[in-house]
Colleague: 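First the structure, then my questions, so here it is.
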Amino acid sequence: MSEGSGYTPPKVWEPKESGGKFASINRPVAGPTHDKGLSVGKHPFQLYSLATPNGVKAGVMFEELLALGHGEAEYDAWLVNIGEGDQFGSGFVEINPNSKIPAMVDHSGDRPIRVFESGSILLYLAEKFGELLPSDIATRTETMNWLFWQMGSAPFVGGGFGHFYSYAPEKLEYPIDRYTMETKRQLDVLNRRLADNRYLAGDEYTIADIANWAWYGQLVLGRLYDAAEFLQVHTYEHVVRWAEEIDARPAVQRGRMVNRTFGEPETQLHERHDASDFETKTQDKLGH
Ligand SMILES: N[C@@H](CCC(=O)N[C@@H](CS)C(=O)NCC(=O)O)C(=O)O
């Protein structure tokens, strides 16, 4: 164990500069910091996102629906740069009072409907188009079980493990141990489930797989926090098999490029307004 920090919490907590990767955007209050409306494109769905694990769920879902032949699922994807505080613009806060990506607006009906929380977006689109959410009650419930499991569990990976292992200004043994233990336990939960099941809800690919692939799939594929060796991700062999299968889906390959501002230039499609953008508007094509 490392030495204690010697910190004794005061009677009343006061905000202070904490350092770390996201220190400049963290605040103890909600609400907008500036006036800025949202752009609205020509398609029925307007997505406001960034290709983080929570953000890619939405891009993948739209691309899966389009691949299934639902032309009405056409969407514009606008970039929300969370490092620069775009999530605190007044227009974004109107569609997500929690100031987190992804969020979207469905303009296809009589009045716009806002949808925030990545799990809510997956469920909304699955129900709207009758896809990737089985109708049989047992399989539907199993889909919901794993969808809600992901929404409740992954914050321990992102806000816990990822934060202390990768983003925190100093490496502290206690929180890294605590969240590594929990992250490995969660990977084992999935590994056991996927030992006997092709997908999380059984034989069918569902929104539960999209949600979980975005976090745990990308973690075992070595894409998150540079932590593959530290976590020994290859030992979760069934999670790796499942992650590779999902990763190979053309809709997933496209979806993870949407609103992506990092990685190889040919994988970055900052904004998506047309299916042809994947061929013509990636950063390599735009000469960046
Ligand atoms: N539970 C939310 C979490 C969304 C979330 O944490 N988004 C992060 C990026 S992955 C974000 O927007 N962070 C900006 C901030 O914290 O200010 C969801 O699943 O949609």
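Note that ligands are numbered from 1 as they come in the structure, with each ligand's atoms numbered from 1 the same way.
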Colleague: Tell me whether Ile101 has any N or O atom under 3.5 angstrom from an N or O of ligand 1.
Modeller: yes
Colleague: Does any N or O of ligand 1 fall below 3.5 Å from an N or O anywhere on Ser118, backbone included?
Modeller: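 Right, the criterion is met.
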Colleague: Charged N to carboxylate O under 4.0 angstrom, Glu74 versus Arg272?
Modeller: yes
Colleague: Among Leu50, Thr52, Leu122, which one has a heavy atom closest to atom 9 (C) of ligand 1?
Modeller: Thr52
Colleague: Which ligand 1 atoms does Pro102 reach within 4.0 Å, using its non-hydrogen atoms?
Modeller: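 This gives 20 (O) as the contact atoms.
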Colleague: With respect to Lys100, determine whether any N or O atom, backbone or side chain, lies less than 3.5 Å from an N or O atom of ligand 1.
Modeller: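 Looking only at distances, the answer is yes, because the N/O contact criterion of under 3.5 Å is met.
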Colleague: Checking Gln186 against Tyr216: is there a side-chain donor and acceptor pair closer than 3.5 Å?
Modeller: yes
Colleague: Salt bridge check: are Asp188 and Arg192 linked by an N-O gap of less than 4.0 Å?
Modeller: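 So Asp188 pairs with Arg192 through a salt bridge.
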Colleague: What protein heavy atom lies closest to atom 14 (C) of ligand 1? Include the residue and the distance to one decimal.
Modeller: Gln87 NE2, 3.5 Å
Colleague: Step through the shown structure and confirm whether more than 12 heavy atoms of other residues, nucleotides or ligands are within 6.0 Å of NZ on Lys128.
Modeller: yes
Colleague: Quick one: nearest non-hydrogen protein atom to atom 3 (C) of ligand 1, plus distance?
Modeller: Asn54 ND2, 3.6 Å
Colleague: Is it true that the NZ or CZ of Arg27 lies under 6.0 Å from the centre of Phe88's six-membered ring and within 45 degrees of the ring axis?
Modeller: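 Yes - Arg27 lies over the ring of Phe88, closer than 6.0 Å to its centre and within 45° of its axis.
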Colleague: Can you pull out the closest protein heavy atom to atom 1 (N) of ligand 1? Residue, atom name and distance to 0.1 Å, please.
Modeller: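 Result: Glu117 OE1, 2.7 Å.
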Colleague: Under a 3.5 Å threshold, yes or no: a donor from one side chain and an acceptor from the other, between Thr280 and Lys285?
Modeller: no
